[in-house]
Participant: 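Mind having a look at this structure? Questions to follow.
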Amino acid sequence: MATTEAVKAKTLLGECSAEFAGTFILILFGVGVVAQVVAGGIGDHDSIAWAWGIGVTLGIYVAGRMTGAHLNPAVTVALAAFRGFSWRKVLPYALSQFLGAFVAALVVRWNYTEALHKVDPGLTIKTQGVFSTLPGNGSLDLGVHMWGGFRDQIIGTAILMMVILAITDLRNTAPAANLAPFIVGLLVVGIGMAWGTNAGYAINPARDFGPRVASLITGYGGALKDQFGDLYFWVPIVAPILGALLGAFLYDLLVGRNLPIADEDEEPGRIPEENTSA
């Protein structure tokens with residue numbers, strides 16, 4: 001029994017390490033590109049959307065074989081609720097994802113220190129958006145406040161989760177395993193280009209909270225609040241989880257329950273080795 005428990009512990013540790021590494025890569029590209037655009041003046045919204053998508057793709061390739069590369073606590077919760085992923089692993093996965101995002105954001109913060117201080121010496125809301133999301137991307141003119149961001153994050157994450165389930169469902173027209181990360185990356189690019197105005201498309205609690213905490217402890221005293229002074233940090237945590245649950249529910253309701261039963265069941269949350277639907 002002790003040996004079995006030790007093997008299980010080592011397996012979970014390996015899975016958590018993979019989630020940490022995959023999320024770390026994701027945030028290096030995602031937060032890094034926003035820092036380059038905001039602090040360095042190089043690039044625009046399109047480069048941000050594409051780099052986030054590339055970061056997702058590469059992060060999935062890093063962690064995909066070990067865990068399926070959730071890289072997102074909202075995805076992990078939805079897979080536990082709708083795909084039989086072990087609830088015992090949800091908290092360890094989420095903590096690993098948060099830590100991966102946190103450490104990656106610290107690397108970006110360190111590397112872009114000079115540029116950030118030059119364009120924003122007080123480390124204010126002007127560059128806070130490099131690390132965490134804000135309603136209306138920090139604008140006072142769009143009229144988007146906390147609850148507008150909350151609504152937006154539910155919708156955006158529902159889209160994310162619904163399409164992820166379609167992409168990875170072998171009973172559907174799933175791509176081959178080595179192409180699934182690329183398609184998921186394109187999905188994130190699309191969400192960024194179509195749903196980035198109201199709340200910066202966090203669609204991932206770890207993606208937002210990890211860098212938010214990293215910025216808070218490195219000089220951004222207002223990191224937990226939005227440009228209106230409202231406590232905002234909870235919105236990109238709670239709303240994406242609700243959105244992922246909604247997206248998974250809608251996929252199963254509208255598509256999943258009507259598909260033929262697969263010949264083999266993959267372990268919940270893992271990318272299949274091959275497309276058996278061909």
Side-chain angles (χ1 to χ4, degrees), residues 21-62 71-72 100-142 144 149 152-153 156 160 181-204 206-223 225-227 232 236:
T23 311
F24 178 79
I25 293 299
L26 161 62
I27 299 302
L28 284 182
F29 281 88
V31 173
V33 71
V34 183
Q36 178 168 275
V37 171
V38 173
I42 301 173
D44 53 21
H45 174 74
D46 285 353
S47 61
I48 290 174
W50 279 107
W52 272 110
I54 291 169
V56 168
T57 296
L58 298 179
I60 295 174
Y61 277 123
V62 167
L71 314 185
N72 183 338
F102 172 75
V103 175
L106 287 179
V107 173
V108 173
R109 173 71 176 87
W110 178 40
N111 190 58
Y112 280 94
T113 294
E114 296 85 1
L116 288 168
H117 280 273
K118 183 174 179 60
V119 301
D120 184 17
L123 300 179
T124 67
I125 202 76
K126 181 179 179 181
T127 56
Q128 174 58 42
V130 167
F131 300 97
S132 54
T133 59
L134 294 161
N137 288 307
S139 171
L140 295 171
D141 300 327
L142 292 178
V144 181
D152 176 88
Q153 286 302 285
L160 175 74
F182 176 72
I183 303 302
V184 175
L186 286 181
L187 166 62
V188 172
V189 173
I191 292 174
M193 289 183 170
W195 293 89
T197 296
N198 280 3
Y201 73 106
I203 57 176
N204 181 339
R207 169 267 174 270
D208 189 88
F209 192 61
R212 191 181 294 272
V213 173
S215 66
L216 179 66
I217 66 174
T218 58
Y220 286 87
K225 298 182 178 180
D226 62 19
Q227 66 271 31
Y232 188 78

Participant: Who pairs with T124 by side chain to side chain donor-acceptor pair (under 3.5 Å), at least two apart in sequence or on another chain?
Facilitator: D120
Participant: Tell me every residue that passes side-chain contact (heavy atoms from CB on, under 4.5 Å) with Q36, counting only those two or more places apart in sequence or in another chain.
Facilitator: I42, Y112
Participant: Going by the rule side-chain contact (heavy atoms from CB on, under 4.5 Å), which residues pair with I191 if we only count those two or more places apart in sequence or in a different chain?
Facilitator: I159, L160, L187, W195, Y201, I203
Participant: Is there side-chain contact between L26 and N204, with heavy atoms separated by less than 4.5 Å?
Facilitator: yes
Participant: Do F29 and V33 come close enough that some side-chain heavy atom pair is under 4.5 Å?
Facilitator: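 No. Closest side-chain heavy atoms not under 4.5 Å.
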Participant: Step by step, work out the side chain to side chain contact (heavy atoms under 4.5 Å, CB included) result for V184 and T57.
Facilitator: CA-CA 7 Å; V184 175; T57 296; over 6 Å; no
Participant: With sequence neighbours excluded, what pairs up with H117 under the side-chain contact (heavy atoms from CB on, under 4.5 Å) test?
Facilitator: R109, T113, L123
Participant: Go through it in stages, so that I can follow the logic: the residues are V108 and I27, the test is side chain to side chain contact (heavy atoms under 4.5 Å, CB included), and I'd like the CA-CA distance, side-chain angles, deciding distance and then a yes or no.
Facilitator: CA-CA 9 Å; V108 173; I27 299 302; 5.6 Å; no
Participant: Would you please test V56 and F182 for side chain to side chain contact (heavy atoms under 4.5 Å, CB included) and show each step?
Facilitator: CA-CA 8 Å; V56 168; F182 176 72; over 6 Å; no
Participant: Any side-chain heavy atom of P135 sitting closer than 4.5 Å to one from Y232?
Facilitator: yes
Participant: Just by modelled atom types, is the S215 backbone N or O under 3.5 Å from a matching donor or acceptor in the Q128 side chain?
Facilitator: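 No, the answer is negative, given that no donor and acceptor are paired below the 3.5 Å cut-off.
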Participant: With sequence neighbours excluded, tell me which residues meet ring-ring contact (aromatic ring centres under 6.0 Å, His included) with F24.
Facilitator: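 F24 satisfies ring-ring contact (aromatic ring centres under 6.0 Å, His included) with no residue once adjacent residues are dropped.
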Participant: Of all heavy-atom pairs between T133 and A199, which one has the smallest distance, and what is that distance?
Facilitator: CB-O, 3.2 Å
Participant: What residues, two or more places apart in sequence or in another chain, satisfy side chain to side chain donor-acceptor pair (under 3.5 Å) together with S139?
Facilitator: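 Here no residue qualifies.
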Participant: I'd like to know if the side chain of D226 reaches the main chain of G138, judged simply by a donor and an acceptor atom lying under 3.5 Å from each other, with no hydrogens or angles considered.
Facilitator: no
Participant: Pair L134, I125 - check side chain to side chain contact (heavy atoms under 4.5 Å, CB included), show working.
Facilitator: CA-CA 9 Å; L134 294 161; I125 202 76; 3.7 Å; yes
Participant: What residue pairs, at least two apart or across chains, pass salt bridge (Lys or Arg N to Asp or Glu O under 4.0 Å) with a residue in residues 207-223?
Facilitator: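 Those involving residues 207-223 are D208-R212.
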Participant: Looking only at heavy atoms, what is the nearest atom pair of A39 and L116, with distance?
Facilitator: CB-CD2, 3.9 Å
Participant: Can you name the closest pair of heavy atoms from V37 and S47 and give their distance?
Facilitator: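 Result for this residue pair: CG2-OG, 3.8 Å.
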Participant: Go through the structure and list residues passing side-chain contact (heavy atoms from CB on, under 4.5 Å) with L216, not counting sequence neighbours.
Facilitator: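 Listed in chain order: A223, L224.
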Participant: Using the ring-ring contact (aromatic ring centres under 6.0 Å, His included) criterion, which residues pair with F131? Sequence neighbours excluded.
Facilitator: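 Testing F131 for ring-ring contact (aromatic ring centres under 6.0 Å, His included), a comparison that skips the adjacent residues, returns Y220.
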Participant: Can you give me the closest heavy-atom contact between A105 and P211, atom names plus distance?
Facilitator: CB-CA, 3.5 Å
Participant: What are the two closest heavy atoms between P236 and A202, and how far apart are they?
Facilitator: CB-CB, 4.0 Å
Participant: Side-chain contact test, heavy atoms from C-beta onward, threshold under 4.5 Å: evaluate it for L71 versus I60 and give yes or no.
Facilitator: yes
Participant: Report yes if some heavy atom in the side chain of L106 is under 4.5 Å from a heavy atom in the side chain of T218; otherwise report no.
Facilitator: yes
Participant: Using the test side chain to side chain donor-acceptor pair (under 3.5 Å), find all partners of N137 that sit at least two apart in sequence or belong to another chain.
Facilitator: none
Participant: Looking at every heavy atom in both A21 and V62, which two are closest together, and how far apart are they?
Facilitator: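 Closest approach of A21 to V62: CB-CG1, 3.9 Å.
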